[in-house]
Amino acid sequence: MILACSSLKKSFQGNELLKDITFKIEEHDKIAIIGVNGAGKTTLLRILCDEESYDSGDIFKTKETSIGYLSQHNTIDPTLTIYDALLEVFKPLLKKEKRMRELETLMSSGTHLDDIMKEYDQLSFEFERDGGYSYQSQIKGVLKGLGFHKDTWDMTLGILSGGQKTRISLGRLLLLKPSLLLLDEPTNHLDVESIEWLENYLKNYPHAIIMVSHDRYFIDQVTNQIIEIENGKSVTYKCSYEQYAQIKKHNRDVALKHYIDNQKEIKRMQESIDLLKSFNREKQVKRAESKEKALEKMEKVEKPDALPQSIRIQFQPLIESGYDVLKVKDLSMAFEQPLFKNINFEVKRQERVALIGPNGIGKTTLFHILLGHLIQQSGKIKLGSRVMMGYYDQEHTSLSFNKTIFQEISDTYPQMNNTQIRSACASFLFKGEDVFKSINMLSGGERGRVVLMKLLLGQSNFLILDEPTNHLDIESKEVLEDALLSFQGTILFISHDRYFINKLATKVVEMRKDNAFIYQGNYNDYLEKRSEDQVEDEKVKNLSYQEKKKNKAEIRKQQNQIKKIEKEISEKEKLIDEYNQLIQCEDVFNDYQKYNEITQQLDTINQQLEELLILWEQLQE
């Protein structure tokens, strides 16, 4: 054990945030802390690394435990370059290296050689032990993994975005390798490729990790334990997130049943006591008193904590669209530089299509082209019949920040009365005076809920969603998922939330700079097929010149065979038409022998055609 918390409590302005936090961490534990927004997850991390005080309880920590903390907000020297910011981690090592160079110079003087050699040997041992010969490759590996290309390494931190600075802070922390790594939303600002790299890095991390994350897929990949904070109390589950969700639901159902049964029994006994007392006879009164004593001794089951409030959503389209919802053909876009080209895909009615690809590839730009906000450089976009689009914008630009929530809904849907607006707002947890909050005073998650509410009220049959789960806690994500799964329309969405993609998508479109790849199924199906494709690509790369030449010859031979079969199919179909016309002629129709001969020939040709079609399909595959 390297750290333990016992009955930890923390209040803010008289409100108890953490009431009873108890758990322990062992050497190689990898733990996810989950809970609704405002449950106190970040506060707990800050307490563990001594950035926040606590009111009561105990924290036990071994002397050897070093803690590294990645907060959601980091400050870092803006004058450093990207590379130097990570190199700083190895200052003690660089100091040893510098001293070793000095000792090498002193060796040539020949004086105090024994002392110099003794110090040099010790430093050499420590330098090698602490990674002196690999620190540069470690830095390069982390920078590449976190999405920093080599040509950016000389850029100063002062010109980077907030997300890029957070990635630098994460890189420094990973290189420090503390015995307990505390990570607050480590996947924020990372594209899928970087998240996958970080997953693998953390899986193999040699020490303990505690992280706060809303990324359920990431939690399942990295952690072996979940600590849930609910109503100020912690419960530990030694399982995956998916198993936790099932256990949680089962435990809550069992606890609720025990409570209801207990309440029924209490009510039954109390009614019996009241009835006996109402007889007002000594014998019945004594029996009532006896039952009262039994009721006092009876175990009272505590009422389970109320479920945290979550948004209630149901999307219903006003009308049904045609079967073909969207066709994107040879779409290309450029600003000063080419962004993407040759993007082709289709969306059919009731499909739920995930659009994925690295940051900066142009996914949101493609959405703006679909919506008519931008004009493409080339290519075509065709919307199907009766398609009504509704758009969820991750930047929330559709909101008027100077309006209240009530005004935003009222101005967008003037046909709604006060009661209808308040009812809609209540479904998204804006109750009472909350509806008169100004939008510019809302958190990112609250603004997201307002955009979702507007989308719901629009009754569109084709939802275009750009990162709809951003700023939502896990419980709200699951409510949104259930609503979208029951939606009878069509969905095209961008998301970095792989758990969300896995649960929702029926098709995945992977955007690349010069094309798009289509995968049927969800995110796991996409990963499996992508892995197969990579293996196939590797096989092709490893083919020798002769094999490639042979393969090309075989492909040409196959293509010629296909053309030959297509010609035969065409001839057979023409012959069938001729025979079908012939048997309609009166002289053939009335001549039994001729009619039989022609129909037999027709059966033979049909059989030959069927065989040709089967062969054609096999060659195509």
Side-chain angles (χ1 to χ4, degrees), residues 6-9 11 15-23 33-41 216 225-314 419 422-432 434 473-483 485-486:
S6 177
S7 304
L8 214 61
K9 289 181 174 60
S11 298
N15 294 320
E16 254 191 326
L17 180 64
L18 304 177
K19 301 172 187 174
D20 180 12
I21 305 297
T22 301
F23 63 88
I33 298 179
I34 64 169
V36 297
N37 289 345
K41 305 183 294 292
R216 295 157 294 171
Q225 280 185 56
I226 287 170
I227 295 172
E228 180 193 41
I229 301 178
E230 187 178 58
N231 298 314
K233 298 172 186 174
S234 66
V235 181
T236 301
Y237 297 84
K238 294 192 175 184
C239 60
S240 68
Y241 178 82
E242 202 159 339
Q243 290 167 324
Y244 145 78
Q246 292 167 356
I247 294 166
K248 181 75 194 290
K249 185 181 182 305
H250 173 75
N251 289 352
R252 194 181 286 280
D253 291 345
V254 168
L256 192 59
K257 186 180 185 306
H258 284 172
Y259 172 74
I260 291 167
D261 290 347
N262 186 244
Q263 289 297 303
K264 281 180 183 175
E265 181 59 18
I266 290 168
K267 187 183 176 187
R268 188 191 66 77
M269 287 183 73
Q270 189 61 55
E271 284 171 351
S272 174
I273 290 163
D274 294 343
L275 183 64
L276 287 167
K277 282 183 176 179
S278 71
F279 294 143
N280 205 17
R281 292 176 184 170
E282 188 181 349
K283 192 175 179 182
Q284 275 74 24
V285 169
K286 281 184 177 178
R287 281 180 63 194
E289 287 170 352
S290 175
K291 279 180 174 281
E292 276 181 329
K293 286 176 184 175
L295 183 57
E296 282 172 21
K297 290 177 182 176
M298 180 180 162
E299 185 187 353
K300 309 295 189 295
V301 175
E302 195 178 336
K303 186 178 181 179
D305 291 325
L307 270 171
Q309 285 189 314
S310 58
I311 52 180
R312 303 189 304 280
I313 319 170
Q314 195 172 13
T419 306
R422 278 189 168 275
S423 176
C425 288
S427 295
F428 286 80
L429 306 184
F430 299 115
K431 298 177 181 177
D434 287 348
D473 58 42
I474 287 177
E475 202 132 21
S476 296
K477 284 181 185 182
E478 289 176 348
V479 174
L480 176 61
E481 284 161 1
D482 291 341
L485 284 168
S486 65

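Computed over heavy atoms, backbone and side chain alike; hydrogens, waters and symmetry mates excluded.
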- After noting the C-alpha distance and the side-chain angles of T22 and L8, does the key distance pass the side chain to side chain contact (heavy atoms under 4.5 Å, CB included) rule? CA-CA 7 Å; T22 301; L8 214 61; over 6 Å; no
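- Residues T236 and I226 have side chains not in contact (no heavy-atom distance under 4.5 Å, counting atoms from C-beta outward).
- Counting heavy atoms from C-beta outward, I229 and K233 have side chains that stay 4.5 Å or more apart.
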If you look only at distance, which donor and acceptor atoms sit under 3.5 Å apart when one is on a side chain in residues 258-269 and the other is two or more places apart or in another chain?
{"residue": "D261", "atom": "OD2", "partner": "K257", "partner atom": "NZ", "Å": "3.0"}
{"residue": "N262", "atom": "OD1", "partner": "V301", "partner atom": "N", "Å": "3.0"}
{"residue": "N262", "atom": "ND2", "partner": "E299", "partner atom": "O", "Å": "3.1"}
{"residue": "E265", "atom": "OE1", "partner": "R268", "partner atom": "NE", "Å": "3.2"}
{"residue": "E265", "atom": "OE2", "partner": "R268", "partner atom": "NH2", "Å": "2.7"}

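- From S7, atom OG reaches atom CG of L18 across 12.0 Å, with rounding to the nearest 0.5 Å.
- Side-chain atoms of K41 never come within 3.5 Å of backbone atoms of I34 as a donor-acceptor pair (strictly under, hydrogens ignored).
- Pairs of residues two or more places apart, or lying in two chains, that qualify as ring pair (Phe, Tyr, Trp, His ring centres under 6.0 Å) and include a residue from residues 226-248 are Y237-Y244, Y241-Y244, Y241-Y499.
- By the 4.0 Å N-to-carboxylate-O rule, K286 lies close enough to E282 to be salt-bridged with it.
- Here K477 contributes atom NZ and D482 contributes atom CG; the two are 14.0 Å apart, rounded to the nearest 0.5 Å.
- Among all heavy-atom pairs drawn from C239 and Q243, the shortest one is CB-OE1, 3.2 Å.
- Between L429 and D434, the closest heavy-atom pair is O-OD2, 4.0 Å.
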- Message: Is there a salt bridge (charged side-chain N to carboxylate O under 4.0 Å, His left out) between E16 and K9? Walk through the geometry before answering.
- Response: CA-CA 8 Å; E16 254 191 326; K9 289 181 174 60; 5.7 Å; no
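- Contact between S234 and I21 at its shortest, heavy atoms only, is OG-CA, 3.5 Å.
- Applying the side-chain hydrogen bond (donor to acceptor under 3.5 Å, both in side chains) definition to pairs two or more places apart or across chains, those involving residues 271-281 are Q270-D274, K277-E292.
- Once rounded to the nearest 0.5 Å, the distance linking CZ of R287 with CG of L275 reads 9.5 Å.
- V235 has its side chain out of reach of E230: every pair of non-hydrogen atoms, C-beta onward, lies at least 4.5 Å apart.
- Under 4.0 Å is where a charged nitrogen must lie from a carboxylate oxygen, and between E481 and R216 at least one such pair does.
- Smallest separation of non-hydrogen atoms from L276 and K291: CD1-CD, 3.8 Å.
- In this structure, the side chain of K19 does not engage the main chain of L17 through any donor-acceptor pair within 3.5 Å.
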